[in-house]
Amino acid sequence: TDLLLAWNPICLGLVEGVIGKIQLHSDLPWWLILIRQKALVGKLPGDHEVCKITKIAVLSLSEMEPQDLELELCKKHHFGINKPEKIVPSPDDSKFLLKTFTHIKTNVSAPNKKKVKESKEKEKLERRLLEELLKMFMDSESFYYSLTYDLTNSVQRQSTGEKDPRPLWQKVDDRFFWNKYMIQDLTEIGTPEVDFWIIPIIQGFVQIEELVVNYNESSDDEKSSPETPPQESTCVDDIHPRFLVALISRRSRHRAGMRYKRRGVDKNGNVANYVETEQLIHVHNHTLSFIQTRGSVPVFWSQVGYRYNPRPRLDKSEKDTVAYFCAHFEEQLKIYKKQVIINLVDQAGREKIIGDAYLKQVLLYNSSQLTYVSFDFHEHCRGMKFENVQTLTDAICDIILDMKWCWVDQAGVICKQEGIFRVNCMDCLDRTNVVQAAIARVVMEQQLKKLGVMPPEQPLPVKCNRIYQIMWANNGDSISRQYAGTAALKGDFTRTGERKLAGVMKDGVNSANRYYLNRFKDAYRQAVIDLMQGIPVTEDLYSIFTKEKEHEALHKETQRSHQELISQLLQSYMKLLLPDDEKFHGGWALIDCDPSLIDATHRDVDVLLLLSNSAYYVAYYDDEVDKVNQYQRLSLEDLEKIEIGPEPTLFGKPKFSCMRLHYRYKETSGYFHTLRAVVRSPEEDG
């Protein structure tokens, strides 16, 4: 009522809740971020609704004018006078963004000329940051909340504070209370009236599904065939047990951010890409929960520059790292008691130094509470054989079973999980997700057998298995988008349990995509994340803005110097490969776009093609060691035909033209090399 007397409030409409406030740059106003639209993800045991934020509204706090936020109107103040419904497919968020923008701008008068240029720059930057903020909430679908359930705490942590009378937001796990800083103004008031307004939000992933344990059901493909008549539908629960399975991943707000900006450990013992993932199973009145964590290798390391796959390097000596490594594990052990480290980093090649540094620190820390397991994922799963992860789960089966899980029914806690798996690879994305899904699956099968939902000797039914795999693949994609900006690279394996060519191709594109994204997008996204967490932004965003423009010019330059380097290489290999009686006609540095090759090496394969008067040579070049590691000499007489056309892609438009050389080998046709230019440009292709 006091407000009503003070000024003329205008009802702008309905929102689902308040996320908090943020100031995107010291030159810019404070904004209030509201939940404009939510989607129900599902219900957790106890009928608790979990929602995903799908749209946000941003309200400038420095203005008195009413702003059109396209909110749903409220019946109370709009007396049924609804705006005429526009017939549009769906409000385009970028238009909405511009609208918000022009609106905010109309209320700021333009000062003198010099300032105009500055304010132009400022406006562009503001728009860029605002765009990033909106994208973060709307595109990545990674923010979740529940008004009645504590998403930040695992079932086990919740069961210890069961009689706690405090409001939900005061019981949350501080690590995962993502909007803690943004909503600080409210949390500091300290009166109970404010509780209603404080909604703790997590960044991560939630999916809830109901599965039916039915062994007679054929897979969907067979079911839809016209020969089989539709079966009579019977009430399923009478015959087949059902259970609820939920996956909840929560990302820590400490050392949060993008992959090339945040690696390893910081001065407080927090690590990058730290995510706790809980798998919940609910049958009748039993809730069973199993948690695992992932997080960057807790030493000081980074990958500098934005080469396609920059070399990792250590930034502090072993001695200087000890204190922070200890800080990290002291906290982990305090929370989870025991830790089983599963390190999936390559034990050879460029990743080795990170793996070695990790092991050394574990040995120095020398705690009986730490178990260290290393599994060279790429070595074991070479050639796309991801099912070999089972070698790992079989080897640690005893550890998995000893760890137990949290089991709660109406009467209280039946047993607790003792210890936790802390899984990591380099980015803690693709490999980590495949392994965590495999461990969680072993646990789930044990749990279902204990509960009598699954017969002792059977694997999961086909359909359950498929839904389960899709959930974990979605989880991987979501965590990957938050840290690397693109979907996970091994997604199709987690989804189907087999690696198909399409997935291989997609990986190549995602890798290249990641590479381009990091450069600039990461800087803005990182700034927005830091601001949400109340960390001052150190990077000069204005200069990044300018750099982005310069980058395009620079890119052309580097291509030229790249060409020169290649011609030198060609000269030296020509001498090595060509016999004296052959005459050199030319050489080209190309890329082999045979999909299976790209996958085995996880990156582009560089090839030198040399032509002489009687043969051609295809030499595979390894940029790790700067040398050719294998080559083929093919006589021109065996060359059958040359085709030119778009590169083979399984989705999207082909970006490159490529050339296919068909040849006979030992009198048999059907062999070929598919090669393309290194960069996209008509001259190169020519």
Side-chain angles (χ1 to χ4, degrees), residues 19-20 50 53 136 142-146 149-161 164 166-184 187-188 198-206 247-259 261-280 289-298 324-339 341 369 406 416-417 419-424 428 432 436 475 478-479 482-483 526 529-535:
I19 295 173
V50 179
I53 298 174
M136 207 168 145
S142 51
F143 291 92
Y144 298 82
Y145 68 93
S146 169
Y149 186 87
D150 181 358
L151 287 175
T152 67
N153 273 308
S154 63
V155 171
Q156 185 154 320
R157 292 196 293 272
Q158 288 182 39
S159 63
T160 51
D164 191 337
R166 292 177 303 164
L168 184 75
W169 71 268
Q170 290 180 9
K171 297 189 272 195
V172 294
D173 185 320
D174 185 69
R175 297 173 297 164
F176 307 120
F177 184 175
W178 189 266
N179 54 334
K180 180 184 180 178
Y181 175 78
M182 296 163 76
I183 203 141
Q184 214 167 344
T187 52
E188 284 170 356
I198 300 170
I199 302 177
I201 285 165
I202 63 164
Q203 185 187 23
F205 175 76
V206 183
L247 211 49
I248 304 172
S249 280
R250 1 181 128 87
R251 174 180 294 285
S252 167
R253 61 190 183 85
H254 303 299
R255 196 153 177 72
M258 305 309 289
R259 150 164 94 156
K261 303 276 172 202
R262 294 282 178 273
R263 288 283 201 201
V265 73
D266 68 7
K267 292 281 170 57
N268 303 318
N270 296 312
V271 294
N273 202 14
Y274 183 90
V275 180
E276 177 186 87
T277 301
E278 177 174 25
Q279 179 175 286
L280 271 181
S289 137
F290 183 73
I291 51 182
Q292 305 180 65
T293 57
R294 65 176 77 193
S296 197
V297 174
Y324 308 104
F325 182 91
C326 291
H328 174 69
F329 276 107
E330 292 313 40
E331 192 202 17
Q332 295 304 303
L333 293 172
K334 198 170 85 216
I335 301 170
Y336 302 112
K337 310 299 177 271
K338 290 199 215 91
Q339 291 259 315
I341 294 168
Q369 302 297 301
C406 175
K416 289 192 164 182
Q417 180 177 339
I420 194 166
F421 286 106
R422 182 200 190 283
V423 187
N424 72 279
C428 305
T432 298
Q436 284 195 339
N475 177 59
S478 194
I479 290 172
Q482 294 157 25
Y483 186 52
Q526 186 64 50
I529 292 172
D530 285 345
L531 292 161
M532 290 170 101
Q533 303 308 333
I535 300 163

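This structure is a prediction, so every number in the text was calculated from the model and none was measured. Worth knowing before you read on, the calculation uses all heavy atoms, side chains too, and leaves out hydrogens, waters and symmetry mates.
- For Gln533, the side chain to side chain contact (heavy atoms under 4.5 Å, CB included) criterion is met by Trp178, Arg253, Ile535, not counting sequence neighbours.
- Under the side-chain hydrogen bond (donor to acceptor under 3.5 Å, both in side chains) criterion, Ser478 pairs with Gln482, sequence neighbours left out.
- Within the model, atoms CZ of Phe421 and CZ of Phe290 stand 5.5 Å from one another, a figure rounded to the nearest 0.5 Å.
- Once rounded to the nearest 0.5 Å, the distance linking CD of Gln203 with CZ of Arg251 reads 5.5 Å.
- Counting heavy atoms from C-beta on, the side chains of Thr293 and Val275 never come closer than 4.5 Å.
- Of all heavy-atom pairs between Tyr144 and Val206, the closest is CZ-N, 3.5 Å.
- No donor-acceptor distance shorter than 3.5 angstrom exists from the side chain of Asn475 to the backbone of Leu247, with no hydrogens or angles considered.
- In this structure, Asn424 CG and Thr432 OG1 are separated by 6.0 Å, a value rounded to the nearest 0.5 Å.
- Gln369 pairs by the side-chain hydrogen bond (donor to acceptor under 3.5 Å, both in side chains) definition with nothing, not counting sequence neighbours.
- Side-chain contact annotation: Glu278 with Ser289, donor-acceptor N/O pair under 3.5 Å present.
- Scored by the salt bridge (Lys or Arg N to Asp or Glu O under 4.0 Å) test, Glu276 finds Arg157, Arg175, Arg250 as partners (sequence neighbours excluded).
- Ala327 is linked by a side chain to side chain contact (heavy atoms under 4.5 Å, CB included) to nothing, counting only residues two or more places apart in sequence or in another chain.
- When all heavy atoms of Pro298 and Phe325 are compared, the pair lying nearest together is O-CD1, 3.3 Å.
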- Could you check Phe205 against Thr277 for side chain to side chain contact (heavy atoms under 4.5 Å, CB included), going step by step and ending with a plain yes or no? CA-CA 9 Å; Phe205 175 76; Thr277 301; over 6 Å; no
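- Within the 4.5 Å cutoff, the side chain of Ile198 has heavy atoms near those of the Thr187 side chain.
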- Message: Before you tell me yes or no, could you show the steps for Arg294 and Ile479 under side chain to side chain contact (heavy atoms under 4.5 Å, CB included), namely the whole-Å CA-CA distance, both residues' side-chain angles and the distance that decides it to 0.1 Å?
- Response: CA-CA 11 Å; Arg294 65 176 77 193; Ile479 290 172; 3.8 Å; yes
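- Taking all atoms of both residues into account, the shortest heavy-atom contact from Asp164 to Lys171 is O-NZ, 3.2 Å.
- For the pair Asn179 and Ile199, the tightest heavy-atom approach, listed with the atom from each and the gap, is ND2-O, 2.9 Å.
- Gln292 places a side-chain N or O within donor-acceptor distance of the main-chain N or O of Gln436, the cut-off being under 3.5 Å.
- Proximity of Gln339 to Leu333: side-chain heavy atoms (C-beta onward) are separated by under 4.5 Å at one or more points.
- Legend: residues meeting ring pair (Phe, Tyr, Trp, His ring centres under 6.0 Å) with Tyr181, ordered by chain and number and at least two apart, are absent.
- Without hydrogens or angle criteria, Arg263 side chain to Val297 main chain gives no donor-acceptor distance under 3.5 Å.
- Under the side-chain hydrogen bond (donor to acceptor under 3.5 Å, both in side chains) criterion, Gln184 pairs with Glu188, not counting sequence neighbours.
- At distances below 3.5 Å, at least one donor-acceptor pair connects side-chain atoms of Gln526 with backbone N or O atoms of Ala256.
- The shortest non-hydrogen separation linking Arg262 to Asp530 is NH2-OD2, 3.1 Å.
- Here CD of Gln279 is found 10.5 Å from OG of Ser249. Values are rounded to the nearest 0.5 Å.
- When side chains are defined from C-beta on, Met136 counts as touching Ile529, because their heavy atoms get closer than 4.5 Å.
- With sequence neighbours excluded, the residues that form a side chain to side chain contact (heavy atoms under 4.5 Å, CB included) with Lys416 are Gln156, Thr160, Val413.
- With a 4.5 Å cut-off on side-chain heavy atoms, Leu280 and Val155 count as touching.
- Legend: residues meeting ring pair (Phe, Tyr, Trp, His ring centres under 6.0 Å) with Tyr324, ordered by chain and number and at least two apart, are Phe300.
- Partners of Phe177 according to the ring pair (Phe, Tyr, Trp, His ring centres under 6.0 Å) rule, which considers only residues two or more places apart in sequence or in another chain, do not exist here.
- In this structure the side chain of Phe176 never reaches within 4.5 angstrom of the side chain of His254, judged on heavy atoms.
- Under the side chain to side chain contact (heavy atoms under 4.5 Å, CB included) criterion, Gln158 pairs with Tyr149, Asp150, Asn153, not counting sequence neighbours.
- For the atom pair OG (Ser146) and CG (Leu168), the distance works out to 7.0 Å, reported to the nearest 0.5 Å.
- Annotation: the span from Leu151 atom CG to Ile201 atom CD1 amounts to 10.5 Å, rounded to 0.5 Å.
- Counting only heavy atoms from C-beta outward, the side chains of Ile19 and Ile53 approach each other to under 4.5 Å.
- A donor-acceptor pair under 3.5 Å links the side-chain atoms of Asp266 to the main chain of Asn270, judged by distance alone.
- Contact record, Lys337 with Lys334: NZ-O, 3.3 Å, taken as the closest heavy-atom pair.
- Ser296 and Asn273 form no side-chain donor-acceptor contact under 3.5 Å, judged by distance and modelled atom types alone.
- Using cut-offs of 30° and 60° on the angle between ring planes, the pair His328 and Tyr274 is perpendicular.
- Residues meeting the salt bridge (Lys or Arg N to Asp or Glu O under 4.0 Å) test with Lys338, sequence neighbours left out: none.
- Counting heavy atoms from C-beta outward, Glu330 and Ile335 have side chains that stay 4.5 Å or more apart.
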